[in-house]
Amino acid sequence: MAATLFLKPCIFLHRRTLFALPLQFSSFSTSSSATAAPFPENKVHRSRQSPAVSASLLELGGGVNISRDEIVKDDPTNNVSDTIFSKLGMQLHRRDQHPLGILKNAIFDYFDTNYPNKFEKFDNLCPLVSVKANFDDVLVPADHVSRSYNDTYYVDSETVLRCHTSAHQAELLRQGNTHFLVTGDVYRRDSIDSTHYPVFHQMEGVRVFTPADWEGSGTDGTLYAAEDLKKCLEGLASHLFGGVEMRWIDTYFPFTNPSFELEIYFQEKWLEVLGCGVMEQEILKRSGRTDNVAWAFGLGLERLAMVLFDIPDIRLFWTSDKRFTSQFAKGQLGVKFKPFSKYPPCYKDMSLWISDSFTENNLCEVVRGIAGDLVEEVKLIDNFTNKKGMTSHCYRIAYRSMERSLTDEEINDLQWKVREQVETKLKVVLR
Ligand code: DAH
């Protein structure tokens, strides 16, 4: 059972085309702007020779190639949009001159210096994973909100775009890895503002201990691992942020016990840096490591890069505007970004009678589908229920480009399309 669930996605992912591809397919960039693209948009491959294989294939990572129609489907078990599809395969974390790549490399440096040749690094694992890997294998309860279609992108009922890099923990343990770092793009349906984007990047770390490691230390395996974890991550925070004040907060994750969050005092605020803990014994047991103990952590790269590089809006990570990209260089962590523009925002309000199935994430998905990165924020500004029990929401949509001024005409056009699709797709009544 476990094997079939796990293997299933590989079959429809054209994994076998990996070997044939370089000869048969040529890559093309969909970029239309002459100034854009110090790096290309996602690498879609199109057949030149055989019309029978005319569907474009996208390189997802891990040697997996897939066509749009296998990811974006008109099917009730699928909620992946074209906006999301366009981000697949971009792998910003693998670009050495991109703030996310620079940060990833700085974290690698820390581990390489302190644990030479110990940690295996994975940054090209396919983001399309089974529901089992994403949730069951890391003990996410069956009724956990993160499993809902409102929060996670489902390709079908058994396959998702990973919502965290923890999705790879169990498989890598089963394969025998004991020290590893996994970096990758992760996908979550969410609201829209300057710090939330439906695709972002995480790094996961895992270290396994055997009884020989803690015997003689005078403590048990769990305490030993927790102490080692804290020491390791405090060192990492100092490596990235310099001499800052830190504090540990007890918290809960389904996959660790005890679980902690690390916060640092930076720019006059407490900032959550990462989540971590001692891995639940059940995860180790299922991967055949009954006597072992492990620690694990997960951190969001954008969150840290935004404060380290002074990047004010999460959309900037995706721009190919040279005024952004040219400010960063390989190996230079923490160079402060100098904003090149402040184009004016334009606000549009939209009031609607919502239905029971309405969610803000669904609304944001519609708005992003039309306005793309021109939408800066979607904010609920009014909410009431009338005597008949009907609930009204008013949302303020902020449109603002980071690259140019928008014309009234273009914004009105976008807003009309949003209104139209909100009514038809979300089954709400506009007021
Ligand atoms: N997967 C968690 C998230 O996405 C982050 C995390 C927390 C990862 C604790 C871990 C961990 O490995 O031990 O929010």
Side-chain angles (χ1 to χ4, degrees), residues 93 100 104 107 111 119-123 125 127 129-141 144-148 151-153 160-174 177-190 195-209 221-222 224-234 236-237 248-263 271-284 286-287 289 292-305 314:
H93 60 285
L100 298 176
K104 180 198 77 172
I107 301 175
F111 280 90
F119 280 81
E120 195 78 38
K121 297 164 195 109
F122 299 89
D123 70 357
L125 298 176
V129 300
S130 64
V131 166
K132 176 179 175 292
N134 198 71
F135 297 120
D136 304 333
D137 283 357
V138 281
L139 314 178
V140 175
H144 197 274
V145 48
S146 64
R147 291 186 183 245
S148 71
D151 285 40
T152 290
Y153 289 103
V160 296
L161 297 177
R162 66 183 163 213
C163 71
H164 55 177
T165 43
S166 309
H168 299 287
Q169 267 190 21
E171 182 189 8
L172 292 171
L173 286 169
R174 278 197 298 269
N177 297 287
T178 58
H179 297 69
F180 56 88
L181 300 170
V182 180
T183 317
D185 35 322
V186 300
Y187 297 77
R188 287 188 201 173
R189 300 184 88 237
D190 216 330
T195 60
H196 289 88
Y197 203 79
V199 190
F200 60 104
H201 298 76
Q202 285 189 330
M203 187 187 293
E204 190 86 3
V206 170
R207 177 176 188 182
V208 180
F209 298 92
T222 304
Y224 184 85
E227 248 171 52
D228 187 86
L229 169 69
K230 288 185 173 177
K231 213 173 64 207
C232 168
L233 294 175
E234 284 170 11
L236 174 62
W248 289 99
I249 314 283
D250 290 329
T251 185
Y252 165 82
F253 295 110
F255 16 89
T256 45
N257 185 19
S259 306
F260 315 103
E261 271 166 10
L262 175 60
E263 293 188 347
L271 169 76
E272 184 198 317
V273 175
L274 50 79
C276 65
V278 178
M279 190 180 286
E280 277 289 357
Q281 205 54 41
E282 181 65 19
I283 301 177
L284 285 162
R286 291 187 197 171
S287 69
R289 300 191 159 272
N292 295 174
V293 169
W295 56 238
F297 72 82
L299 56 81
L301 292 178
E302 274 81 350
R303 194 185 168 71
L304 301 188
I314 197 164

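Read the numbers this way: they start at 1 and go in the same order the structure lists the ligands and their atoms.
Proximity of Phe255 to ligand 1, defined as any heavy-atom pair under 4.0 Å, is confined to the side chain (atoms from C-beta onward).
Atom 3 (C) of ligand 1 has its nearest heavy-atom neighbour, among Arg188, Arg162, Glu280, Glu204, in Arg188.
Listed by atom number, the atoms of ligand 1 under 4.0 Å from Gly275 heavy atoms are 7 (C), 9 (C), 11 (C). The contact set between ligand 1 and Cys276, taken as ligand atoms under 4.0 Å from a residue heavy atom, comprises 9 (C), 11 (C), 13 (O). Annotation for ligand 1: atoms under 4.0 Å from non-hydrogen atoms of Gly298 are 6 (C), 8 (C), 10 (C), 12 (O). Residue Thr256 has at least one heavy-atom neighbour below 4.0 Å for each of these atoms of ligand 1: 13 (O). Taking every heavy atom of Gly277 and a limit of under 4.0 angstrom, the matching atoms of ligand 1 come to 13 (O). Within ligand 1, counting atoms from 1 as listed, the ones closer than 4.0 Å to a heavy atom of Gln202 are 3 (C), 4 (O).
In this structure, Phe180 has its ring center at least 6.0 angstrom away from the ring center of Phe119.
Using modelled atom types and a 3.5 Å distance limit, the side chains of Glu234 and Trp248 yield a donor-acceptor pair. Between the side chains of His201 and Glu302, at least one donor N or O lies within less than 3.5 Å of an accepting N or O.
At least one heavy atom of Gln169 sits closer than 4.0 Å to an atom of ligand 1.
Using the six-membered ring where Trp is involved, Phe255 and Phe253 have ring planes that are parallel, under 30° apart on the 30 and 60° scheme.
For Glu227, the CD atom counts as loosely surrounded, since its 6.0 Å shell holds 12 or fewer non-hydrogen atoms of other residues, nucleotides or ligands.
Taking a cutoff of 4.0 Å between a charged side-chain nitrogen and a carboxylate oxygen, Asp151 and Arg188 do not qualify as a salt bridge.
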In sequence, state the C-alpha distance, the side-chain angles, and the governing distance for Thr183 and Leu100, and then conclude on side-chain contact (heavy atoms from CB on, under 4.5 Å). CA-CA 10 Å; Thr183 317; Leu100 298 176; over 6 Å; no

